[in-house]
J.: 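There's a structure below that I have some questions on.
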Amino acid sequence: MIDIRLVRTDPDAVKAALSRKKVDPAEVDALIDRDEALRRITAERDDLRAKVKALSKEVGAARKAGDAERAESLAAESRALGEDAKVRERQATALEREVREMLLLIPNLPAPEAPGGDGPDDNPVVAQGGPDAASYPEHQRVPHWETAATLGILDNERAVKISGAMFTMFRGQGAALARALCQLALDRNADAYEEIRPPTLVLSDTLTASGQLPKFADDAYHVGRDDLWAVPTAEVPLTSIYRDEILDEADLPKRLMAYTPCYRREAGAAGRDTRGLLRTHEFDKVEILALTTPEQGPALHQELRDRALGSIEALGLTWRWVEICTGDLGQSQHRQFDLEVYAPGVAMWLEVSSVSWFTDYQARRANIRYRPAGEAKGTALVHTVNGSALAVPRVWAAVVESNRQPDGSVAVPEALWPYMRGARVIA
RNA sequence: GGAGAGGUGACCGAGUGGCCGAAGGUGACGCACUGCUAAUGCGUUGAGGGGCGUUGAGUCUCUCCGAGGGUUCAAAUCCCUCCCUCUCCGCCA
């Protein structure tokens, strides 16, 4: 959620910032209107309550003094005010809900330094590295699903039998490779990040805190019988770890990482990227996340990007870093970097990591605060940043394609040797 | 899933209708005492919303004792529903 106080004090700045995300200023005006009504009703309600409290005390005093008549008349007066207060209370509750629902749907303000643009095509490439995308030889211009089928390391046909379309299954060395990638990402970040193994079925409140609900309910799997949601990313449980808590500034930044499976319905993506591993309902990912002070936010955002990049470089892949323009920025994001790797077999740049700075947008939803050092009282909202340290399927695909040997085998990148039970080649 | 007990502030814990945002203790912080430490004494110490004022001066007010409803002039306290924790039984990787 954005700060309602900012909406009150500087509505024009909010509208201007949000217009870069294509939000209609009328939405902001509607919010202001409801907020004003809420504050008016709340003031009336509180005033009535104060009177009821004062009168109630007098009733007690009169009773004690044995003045039953006066007590009764005061009680009657208080009763009448109480009726009024109850009416106001109902109105206030309805307005509170309205304001909150509006606030939950209004996106975060984009960073001033986020580039303008209408969509993905306008995302500027900031940097690139690894082998030249044009340098891959002919024997590496083979889609991973073909190589994998030959080697018997991917069995999507049977995955579909088991779970339906867009589910995948790794086999043998392919399964080991998938697990090795996770292990690599965890080990590379264990120097600074606490490893978490969180639950992956979560409450609606948890999914709301990180921004997926209420707007993106269709994208997530819901277990109706128990009203639980399958997490689309470890960001969801990690963000909620300190929900409704107050941290010490000395404990910030708090760095966390988790390997989890991720579940996505891909509701709007029917028929797209259905071959191989480019888009699947269930995949493994290592997520890194930090809770920071506002001052630490930008630095941690860079740190996360560099860490995500570190694993990709260790694997020897061709990569590029794009910055997401305002028209393509997600609802909760203030600023976002994407990392893409080049997959020579499918001749595509694959998005493998998305590193985002949310300012206090998630923290306000999740109510995660900290006590600024040196100040006896008062709290402030933390900032959240997170990113994929490594998302398995697309990296798996890129590794298989860019390490394919002329004989059809796949050389295991050296960084993964410790995790492949001695295998240097998948054949 | 069945039976029972319980959920109060950073923590422990008292509180069965008004004098309770809440005793007492622990912890933390400040001051005093002390050669230092310790001990002792005194004091301070929750969060959130709104109004007026200020820009970090305050002041008034409302809300919060697991959550949500209800009874009452008045609810931490009485009633209802739900959630969670613990113990025993059942089941089970």
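Below, read A as the first sequence line, B as the second, and so on, with proteins coming before strands; counting in each chain starts at 1.
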J.: Closer than 4.0 Å, any side-chain N/O of A/R45 to the OP1 or OP2 of B/rU61?
T.: no
J.: In whole Å, what is the span from the CD1 atom of A/I4 to the P atom of B/rG50?
T.: 9 Å
J.: We want to know whether A/S354 and A/Q336 form a side-chain donor-acceptor pair, criterion being a heavy-atom distance below 3.5 angstrom.
T.: yes
J.: Ignoring the backbone of A/A50, work out which of B/rC62, B/rC19, B/rG46 is nearest its side chain.
T.: B/rC62
J.: Does a side chain donor of either A/R365 or A/Q362 reach within less than 3.5 Å of an acceptor in the other side chain?
T.: no
J.: Calculate the interatomic distance between A/L247 atom CG and B/rG46 atom C1'; express it in whole Å.
T.: 16 Å
J.: Roughly how many Å apart are B/rG41 and B/rA47, using the C1' atom of each and rounding to a whole number?
T.: 31 Å
J.: Write down the distance between NZ (A/K53) and P (B/rU61), rounded to a whole number of angstrom.
T.: 9 Å
J.: Mind checking A/R88 for me? I need base, sugar-phosphate or nothing, with any heavy atom below 4.0 Å counting as a touch.
T.: nothing
J.: Do A/T260 side-chain atoms and A/C262 backbone N/O form a donor-acceptor pair below 3.5 Å?
T.: no
J.: Reckon A/R5 has a side-chain N or O less than 4.0 Å from the OP1 or OP2 of B/rG50?
T.: yes
J.: What is the distance from CZ of A/R79 to P of B/rA74, rounded to the nearest Å?
T.: 9 Å
J.: Rounded to whole Å, please give me the gap between CD1 in A/I246 and C1' in B/rA47.
T.: 6 Å
J.: Can you tell me if A/R369 touches the phosphate of B/rG48, counting only side-chain N or O atoms and a distance under 4.0 Å to OP1 or OP2?
T.: yes
J.: Out of B/rG48, B/rC73, B/rC62, which has the shortest distance to the side chain of A/V52?
T.: B/rC73
J.: Taking A/V399's backbone N and O only, do any of them form a donor-acceptor pair with A/N403's side chain (distance below 3.5 Å, no angle check)?
T.: yes
J.: Would you mind telling me which residue lines up with the more 5' stretch of RNA chain B, A/T42 or A/K86, judged by nearest nucleotide?
T.: A/T42
J.: Please check the phosphate of B/rG48 (OP1 and OP2 only) for any side-chain N or O of A/T379 closer than 4.0 Å.
T.: yes
J.: Between A/L81 (CG) and B/rA74 (P), how many Å, whole number?
T.: 11 Å
J.: Can you say whether a donor on the side chain of A/D46 sits under 3.5 Å from an acceptor on the base of B/rG49, or the other way round?
T.: yes
J.: Over how many whole Å does the gap from A/E44 atom CD to B/rC60 atom P extend?
T.: 23 Å
J.: Check whether A/N386 reaches the backbone of A/E287 with its side chain - one donor and one acceptor, N or O, closer than 3.5 Å.
T.: no
J.: With rounding to the closest Å, how many angstrom separate the C1' atoms on B/rA74 and B/rU59?
T.: 27 Å
J.: Using whole Å, report how far CZ of A/R243 lies from P of B/rG48.
T.: 18 Å
J.: Taking atom C1' in both B/rU77 and B/rG18, compute the distance separating them and give it to the nearest angstrom.
T.: 11 Å
